[in-house]
Amino acid sequence: MRLLWLRLLPIYTGDREEDKVSVRVRFAPSPTGQIHIGNIRTAVFNWLFARSQGGKFLLRVEDTDQERSSEEFEEIILKELRWLGLDIDEGIGGGGEYGPYRQTHRLKIYKKYAEELQEKGCVFPCFCSPDEFEKEKNPEHSYNDPCRDLSPDKVEELRNKGVPEALRFRSPRQGKVSFLDSVHGEIAFQSQVIDDFALMKSTGYPTYNFACVVDDHLMKISHVLRGEDHISNTPKQILIYEAMGWQPPVFAHLPLILDKKRRRLKKRSGQQEAFLSSYRNAGYLPETVFNYLALLGWSPGEDKEIMSREEMVEKFSLEKINESGAVFDIEKIKWMNGVYLRNLERKEFRERALAFLSGQGLDTENEKLIFLMEALQEKVNTLKELAQKISEYFEPLAFPDPEDARQVLQQDGVEKVLSSLKAKVGEVDDLNPDRAANLLKEIIKELQVGGKLVYKPVRYALTGKGTGADLSAIMAYLGPENIRMRIDETFKFLKGDAHE
RNA sequence: GCCCCCAUCGUCUAGUGGACUAGGACACUGGCCUUUCACGCCGGCGGCAGGGGUUCAAAUCCCCUUGGGGGUGCCA
């Protein structure tokens, strides 16, 4: 629970006018794979904060993991940000005067500051091999690094032997490190539990904690909004800021996004739903994803949920960020996407749906597809669902639930209705939804039957099912030829052969 | 093990000591509308983890317990 006074304390924010205009936040992913939902949510919050404060949103690539980083993933990051509409003011894909913005291009910089820390005596070389260090680690005292107090002679000796050396921070063994988190209030760690973490790897690459601090400082980052999993890194980073004599940024640790089991939603769980790309591929609109993600861990403080980007920017504030983890609810985002889809203007829906459909191997040249598409607009939650529903009408007639179908089709008078329909469509060479609807009305009038004997039975006869798109749209889509064929097939089915 | 964070319907959340008979949304469910299918609308179900304090008054403040999560890398 946060204390009120902490919320109001104007430590770094809000008290001075210039603070407001100097807000600079960054999204700093590592290019090691498909972009993750949790990651992109962090980006969304950073972007929202920057825009709400009139600040800058930067993109920095943290590619210091030589094993896993790859340039192709950098492209993916850019593409995903663009898709979601998170425009970059500075950094990779945005230019700017504090570059380079790719950490592997900043190696000299880290080296320089590492040397500075060495001169200050805040660090020490470590000659342990990674495995060795693992063994030496004592679960009770994680700071227990065997190289911490090596004599200068010993250091000299090991260096001469060419033993690979890393650089570690000499963590204080008493006192405490604390900081004021904008989401959680004060967070404090006893210094003795902070181990002698590495700053530079033996490869000459910086570690995350070191590079991050150097870059955030040099790039004048004012607020660090990142996942809660970074809380335990924060005291280490603060120690570096202090050693360098730098002012740390404001930290805001965002609650984690959880899966149904309340575990952190992560790539390794293998769930496709952990990736942003899955949502694009499943036909979610970017505005839906943005809206839904913004609401995971943040609330404007009122009942409104469907909001425009502008509204969210206007209402966003660090104070309204929640402190507890949030389960990602696939049902809810599905519903939300349905709302966005239904709210689309006819024309826009058509364009966007067509663009998606053509990527799904559907024949978008067929202009009759439009009839179905529009009839389905209000019935689907995703464009993928739209594609699936449309494809069903490409398939040959089948009766998945023959019992039901028979019950409807065997009512007295239905046969007459179907025959009449068959005859009527025989007289026209094309159909549109209006004409189709009129045809059915004519039948009702001429045969003096109720709609009950027409709509549902015709639906079954033409589609084999009891639910689906608007009937006249289906008829227009199928066209006279297919309608006649399907009615014949239905008659066969009723006589007992085939189609089960 | 140690450190840190968190705790309101199944899920996302509103709630900053009295306006709470705890509000909204998803899901589920009953109905209305539509002579098809939906959309939509109206209703229902369902929650302050437990225990102690503080206070005239606690979902709200404090403590403990329990539960959940995260971290504990020369990953980020």
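The chains referred to below are lettered A, B, ... by the order of the sequence lines, with proteins before strands, and numbering in each begins at 1.
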Check your understanding: Are A:Q237 and A:N209 close enough, and set up right, to give a side-chain hydrogen bond (donor to acceptor under 3.5 Å, both in side chains), and what steps lead you there?
Key -> CA-CA 6 Å; A:Q237 296 180 189; A:N209 279 128; 2.9 Å; yes
Check your understanding: Do the side chain of A:S202 and the base of B:C74 come within less than 3.5 angstrom through a donor-acceptor pair of N or O atoms?
Key -> yes
Practice item. Searching all strands shown, indicate the nucleotide that pairs with B:A27 (Watson-Crick or G-U wobble; both distances under 3.5 Å). Key: none
Check your understanding: Want to settle it: does A:A375 or A:Q103 sit nearer the 5' end of RNA chain B, counting the closest nucleotide to each?
Key -> A:A375
Practice item. Have a look at A:S472 and say if it touches a base, only the backbone sugar-phosphate, or nothing, with a 4.0 Å heavy-atom cut-off. Key: nothing
Check your understanding: Are A:R406 and A:F493 in a cation-pi contact, defined as NZ or CZ under 6.0 Å from the six-membered ring centre and within 45° of the axis?
Key -> yes
Check your understanding: When we call it a touch if two heavy atoms are under 4.0 Å apart, what does A:A166 touch: a base, just sugar-phosphate, or nothing?
Key -> base
Practice item. Have a look at A:E331 and say if it touches a base, only the backbone sugar-phosphate, or nothing, with a 4.0 Å heavy-atom cut-off. Key: sugar-phosphate
Check your understanding: A:L296 near the nucleic acid: base, sugar-phosphate alone, or nothing, with a heavy-atom cut-off under 4.0 Å?
Key -> sugar-phosphate
Review point. Closer than 4.0 Å, any side-chain N/O of A:H253 to the OP1 or OP2 of B:C5?
Key: no
Exercise for review: Would you mind classifying the nucleic acid contact of A:N233 as base, sugar-phosphate or nothing, using non-hydrogen atoms under 4.0 angstrom?
Suggested key: base
Review point. Do any side-chain nitrogens or oxygens of A:K201 fall under 4.0 Å of OP1 or OP2 in B:C75?
Key: yes
Exercise for review: Please state the C1' separation for the pair B:C28 and B:C20 - nearest whole angstrom.
Suggested key: 25 Å
Point to revise | Atom P, compared across B:A38 and B:G43: separation rounded to whole Å | key: 23 Å
Review point. With a 4.0 Å cut-off on heavy atoms, is A:K379 in touch with a base, just the backbone sugar-phosphate, or nothing at all?
Key: base
Practice item. Give the ring-plane orientation class for A:F316 versus A:W298, where under 30° counts as parallel, over 60° as perpendicular and anything between as tilted. Key: tilted
Review point. According to the Watson-Crick and G-U wobble definitions, with both distances under 3.5 Å, which nucleotide is paired to B:U66?
Key: B:A7
Check your understanding: Taking the six-membered ring of A:Y455 as reference, does the NZ or CZ atom of A:R459 fall below 6.0 Å from its centre and within a 45° cone about the axis?
Key -> no
Review point. For A:R459, which contact category applies under a 4.0 Å heavy-atom criterion: base, sugar-phosphate, or nothing?
Key: base
Point to revise | Side-chain donor/acceptor of A:T207 to backbone N/O of A:A198, under 3.5 Å | key: yes
Review point. How would you label the contact of A:L471 with the nucleic acid (heavy atoms, under 4.0 Å): base, sugar-phosphate, or nothing?
Key: base
Check your understanding: What is the nucleic acid contact for A:G227, judged by heavy atoms within less than 4.0 Å: base, sugar-phosphate only, or nothing?
Key -> nothing
Practice item. Assess the side chains of A:D63 and A:S69: does a donor N or O sit below 3.5 Å from an acceptor N or O? Key: no
Point to revise | Distance test, side-chain N/O of A:R68 to OP1/OP2 of B:A76, below 4.0 Å | key: no
**Study point:** Partner nucleotide of B:G40 by Watson-Crick or wobble geometry (both distances under 3.5 Å)
**Key:** B:C32
Practice item. Could you tell me whether the phosphate oxygens of B:U36, OP1 or OP2, come under 4.0 Å of any side-chain nitrogen or oxygen in A:K452? Key: no
Practice item. Have a look at A:D65 and say if it touches a base, only the backbone sugar-phosphate, or nothing, with a 4.0 Å heavy-atom cut-off. Key: sugar-phosphate
Revision key, fill the gap. Scanning all shown strands, the Watson-Crick or wobble mate of B:G1 with both distances under 3.5 Å is B:U72
Review point. Where the side chain of A:N322 is concerned, which of B:G71, B:A14, B:A25 is the nearest nucleotide?
Key: B:A14
